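Here's the structure we're looking at; comments come further down.
Keep in mind that what you see is a predicted model, and the values were worked out from it rather than measured. When reading the values below, keep in mind they use all heavy atoms of this one structure, side chains included, and skip hydrogens, waters and symmetry mates.
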Amino acid sequence: SREVINCAENEDLMLTECEFFKVRHLATDTAKTEVCSEDSFISLLILSGKGELEFNGEIYSIKKGDSFFIPADNGNYTIKGNIEILETRI
């Protein structure tokens, strides 16, 4: 049997972590800023909702089902909207 994890609104939750990667659930209904350091790329999978992703001076529309790759060492990125995301990094 598998454990079901319910994530509250505006909650960040580490889903799994090992020596190779980390996977977090990110949720917001306003805006959230995260850091993309030189140590890792970031892969974002939009689980639900829609909004905007801003990084490196560009703004991208994002919605459920979209996937986005942010190369390492790109500084801060901001997610705006009512959205749930699966974030993977090394």
Exercise. Taking the six-membered ring where the residue is Trp, are the ring centres of Phe68 and Phe55 under 6.0 Å apart?
Worked result: yes
Problem set entry | For Glu34, side chain to side chain donor-acceptor pair (under 3.5 Å) partners two or more places apart | Arg24
Exercise. Can you name the side chain to side chain donor-acceptor pair (under 3.5 Å) partners of Asn76, sequence neighbours left out?
Worked result: none
Inter-residue atom distance [X].[atom1] - [Y].[atom2], 0.5 Å rounding:
{"X": "Leu53", "Y": "Ile59", "atom1": "CG", "atom2": "CD1", "value": "9.5 Å"}
{"X": "Leu44", "Y": "Ile85", "atom1": "CG", "atom2": "CD1", "value": "5.5 Å"}
{"X": "Thr16", "Y": "Leu13", "atom1": "OG1", "atom2": "CG", "value": "11.0 Å"}
{"X": "Glu84", "Y": "Leu45", "atom1": "CD", "atom2": "CG", "value": "11.5 Å"}
{"X": "Leu26", "Y": "Ile79", "atom1": "CG", "atom2": "CD1", "value": "5.5 Å"}
{"X": "Asn74", "Y": "Ile42", "atom1": "CG", "atom2": "CD1", "value": "9.0 Å"}

Problem set entry | Residues clustered with Val35, ILVMFWY side-chain links under 4.5 angstrom | none
Problem set entry | Remaining members of the apolar cluster that contains Ile90, side-chain heavy atoms under 4.5 Å | Phe41, Phe69
Problem set entry | Pairs touching residues 45-58 that satisfy salt bridge (charged side-chain N to carboxylate O under 4.0 Å, His left out), sequence neighbours left out | Glu54-Lys80
For this session: Just jot down the ring pair (Phe, Tyr, Trp, His ring centres under 6.0 Å) partners of Phe20, sequence neighbours excluded, or say none.
Result: none
Problem set entry | Close side-chain approach of Asn56 and Ile70, heavy atoms under 4.5 Å | no
Exercise. What closest approach, in Å, do Cys36 and Ala72 show between heavy atoms, and which atom pair accounts for it?
Worked result: SG-CA, 4.0 Å
